[in-house]
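To keep things clear, I will list the structure first and then write my remarks on it.
Both counts, for ligands and for their atoms, begin at 1 and track the order of listing. Numbering of residues begins at 1 and proceeds along the displayed sequence.
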Amino acid sequence: GTWEIGDAQNEERHLEIQAIRKGIELGMTMIDTAEMYGYGNAERLVGQIVKGIRDDVFIATKVSPQHLGYEDVLSACESSIRRLGVEHIDLYQVHWPSYRVPIEETMKAMEELVSRGKIRYIGISNFSVEQTQKAIEALPRSEIASNQVRYRLTHRSIESELLPFCEKEKMTVIAYQPLDRGRLPSDKIPQALLDKYDMTPAQVMLNWVTHRDSVVAIPKASKVEHVEENATAVSKRISGDDYQTLSRI
Ligand code: NAP
């Protein structure tokens, strides 16, 4: 994740670049960004990082709610492509649903971008079941690859309806803020469980959230030590029983 990355200057910026490069080196090759983040600065930073290694990474970015009209989507995509310095975007996501522009108009532009080879996959973000259903109906020729929503051990509202719905539609759920912006519920995760797996609370949270095949997570880390910790969070899996125990807690 790259929210709040790319605005810093000099030394801090250098550390962010180092952290993301380390993540890629360790196999965390999906980068999530958005035109909205830092008014384009996050995309520019990602562009700088992926220069020369474009084919090794999967770039997901997002079109902002104020750009969901047909022509606006096309030009927002061009601008993102320019800032990222790439020829195409791997996953282009509608950042938030619009109450102004009909979803049919937005999705028509998304399909046009696929046929022009500007984007590979279409995604949505922050869409409810009802909004996702409408988005699916608005795309007769293409599929929606993913829905990016808030999901973590301490925020489970999607489990009742949205998560099963996305699974039924074979849509990947991209869990944002999987670490609750760094507010880890360390006191709630049993020490015995941390000891059993030799994991930190952050690693348990990432392991838990990616337990289902349908869910991937996009933690943000601008410190190399956090990146290293997160990269090894799923090198072993917590058991089904421990997953249930954590879920109950
Ligand atoms: P997050 O990933 O839940 O948490 C990031 C915070 O956790 C940072 O302060 C980071 O510190 C800290 N952290 C990372 N690894 C850690 C570790 N191992 N131990 C302790 N702390 C750790 O929050 P987020 O950045 O808000 O969300 C992740 C990404 O989701 C965003 O960057 C963005 O790409 C996406 N997102 C999407 C939406 C949407 O509407 N679609 C909304 C929000 C976020 P350091 O940076 O100091 O390493």
Side-chain angles (χ1 to χ4, degrees), residues 1-8 11-23 26 28 30-38 40-43 45-46 49 57-66 68 80 84 89-98 123-128 131-132 144-158 162 166 172-187 189 194 197-210 215-235:
T2 62
W3 186 26
E4 292 180 335
I5 275 184
D7 280 335
E11 179 60 12
E12 206 183 319
R13 185 181 176 84
H14 176 71
L15 292 176
E16 288 174 350
I17 293 173
Q18 228 183 0
I20 298 177
R21 287 211 171 117
K22 174 57 81 175
L26 294 175
M28 296 198 290
M30 173 180 170
I31 303 177
D32 178 74
T33 188
E35 62 166 331
M36 191 187 275
Y37 297 169
N41 281 340
E43 286 184 334
L45 187 91
V46 171
I49 290 167
V57 293
F58 183 94
I59 300 177
T61 192
K62 310 184 197 82
V63 53
S64 299
Q66 68 272 28
L68 296 184
S80 285
L84 289 162
I89 290 161
D90 295 304
L91 175 66
Y92 200 40
Q93 306 158 102
V94 179
H95 204 148
W96 286 88
S98 169
I124 52 180
S125 176
N126 299 301
F127 276 51
S128 66
Q131 289 159 337
T132 305
I144 297 176
S146 57
N147 191 1
Q148 182 177 139
V149 288
R150 183 178 289 127
Y151 186 45
R152 59 173 173 262
L153 189 53
T154 50
H155 189 101
R156 313 260 299 278
S157 59
I158 67 163
L162 189 65
C166 290
T172 296
V173 169
I174 301 179
Y176 75 64
Q177 296 186 337
L179 297 175
D180 196 4
R181 312 212 67 208
R183 292 180 293 255
L184 306 176
S186 307
D187 56 331
I189 301 175
L194 296 173
Y197 293 101
D198 191 21
M199 281 183 192
T200 64
Q203 288 176 322
V204 167
M205 280 187 89
L206 293 175
N207 207 296
W208 180 90
V209 82
T210 55
V215 181
V216 301
I218 45 168
K220 171 253 178 184
S222 47
K223 293 196 180 70
V224 167
E225 57 271 29
H226 282 162
V227 167
E228 287 171 339
E229 193 178 323
N230 299 344
T232 48
V234 291
S235 49

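- Only the side chain of S125 comes within 4.0 Å of ligand 1, judged by heavy-atom distances.
- The S222 neighbourhood of ligand 1 comprises atoms 45 (P), 46 (O), 47 (O), 48 (O), with distances under 4.0 Å to a heavy atom of that residue.
- Of all the heavy atoms of D180, the ones lying under 4.0 Å from any atom of ligand 1 belong exclusively to the backbone.
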Subject >> Intermediate values then yes/no, side-chain contact (heavy atoms from CB on, under 4.5 Å), L45 and E16 >> reply: CA-CA 9 Å; L45 187 91; E16 288 174 350; 4.3 Å; yes

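- In terms of protein heavy-atom proximity, atom 13 (N) of ligand 1 is closest to H226 ND1, 3.7 Å.
- Summarising the geometry, atom CD belonging to E4 is positioned 13.0 Å from atom CG belonging to N41; distances are rounded to the nearest 0.5 Å.
- Only the side chain of A202 comes within 4.0 Å of ligand 1, judged by heavy-atom distances.
- Each of the following atoms of ligand 1 lies closer than 4.0 Å to a heavy atom of H95: 39 (C), 40 (O), 41 (N).
- The shortest contact between atom 33 (C) of ligand 1 and any protein heavy atom is with Y37 OH, 3.4 Å.
- Both the backbone and the side chain of R181 come within 4.0 Å of ligand 1, judged by heavy-atom distances.
- Rounded to the nearest 0.5 angstrom, Q18 CD and R13 CZ are separated by 13.5 Å.
- A tilted orientation is assigned to the rings of W208 and Y151, their planes being inclined by 30° to 60°.
- Judged purely by atom type and a 3.5 angstrom limit, Q203 uses its side chain to pair as donor or acceptor with the backbone of E229.
- Distance from atom 37 (C) of ligand 1 to its nearest protein heavy atom, with residue and atom name: Q148 OE1, 3.0 Å.
- The distance from the CD atom of Q93 to the CD1 atom of I124 is 9.5 Å, given to the nearest 0.5 Å.
- Of all protein heavy atoms, the one lying nearest to atom 34 (O) of ligand 1 is D32 OD2, 2.7 Å.
- In the candidate list I124, T232, I218, I218 is nearest to atom 29 (C) of ligand 1, counting heavy atoms.
- A heavy-atom distance below 4.5 Å is found between the side chains of K62 and Y37.
- For the side-chain contact (heavy atoms from CB on, under 4.5 Å) with N147, the qualifying choice from T172, V94, L162 is L162, the only one to do so.
- For atom 40 (O) of ligand 1, the nearest protein heavy atom (residue, atom name, distance) is N126 ND2, 2.9 Å.
- In this structure, K62 is part of the shell of residues with a heavy atom less than 4.0 angstrom from ligand 1.
- Between K220 and D32 there is no salt bridge, since no side-chain nitrogen of the basic residue lies less than 4.0 Å from a carboxylate oxygen of the acidic one.
- Looking only at side-chain heavy atoms (C-beta outward), M36 and P65 come within less than 4.5 Å of each other.
- The closest protein non-hydrogen atom to atom 43 (C) of ligand 1 is Y176 CD1, 3.4 Å.
- Of all protein heavy atoms, the one lying nearest to atom 24 (P) of ligand 1 is Q177 CG, 3.8 Å.
- Closest heavy-atom approach to atom 3 (O) of ligand 1 among the candidates V94, T33, T2, L179: L179.
- In terms of protein heavy-atom proximity, atom 31 (C) of ligand 1 is nearest to W3 CB, 3.6 Å.
- Residues I20 and V227 are not in side-chain contact: their nearest non-hydrogen atoms beyond the backbone lie 4.5 Å or more apart.
- Of the options R152, R150, K220, R183, the smallest heavy-atom separation from atom 2 (O) of ligand 1 is shown by K220.
- An N or O contact shorter than 3.5 Å is missing between L184 and ligand 1 by distance.
- Under a cut-off of 6.0 angstrom, the local environment of CG in D198 is sparse, with at most 12 non-hydrogen atoms contributed by other residues, nucleotides or ligands.
- Residue P178 forms a side-chain contact (heavy atoms from CB on, under 4.5 Å) with just one option from V215, V209, N230, and that option is V209.
- Contact atoms of ligand 1 toward P219: 2 (O) (distance under 4.0 Å to a heavy atom of the residue).
- Only the side chain of N230 comes within 4.0 Å of ligand 1, judged by heavy-atom distances.
- The parts of P178 lying near ligand 1 are both backbone and side chain, judged by heavy-atom distances below 4.0 Å.
- Which parts of ligand 1 touch E229 is read off a 4.0 Å heavy-atom cut-off, strictly below it: atoms 18 (N), 19 (N).
- Remark: ligand 1 and G182 share an N or O pair separated by less than 3.5 Å (distance only, no angle test).
- Rounding to the nearest 0.5 Å places CD1 of I189 at 6.5 Å from CE of M205.
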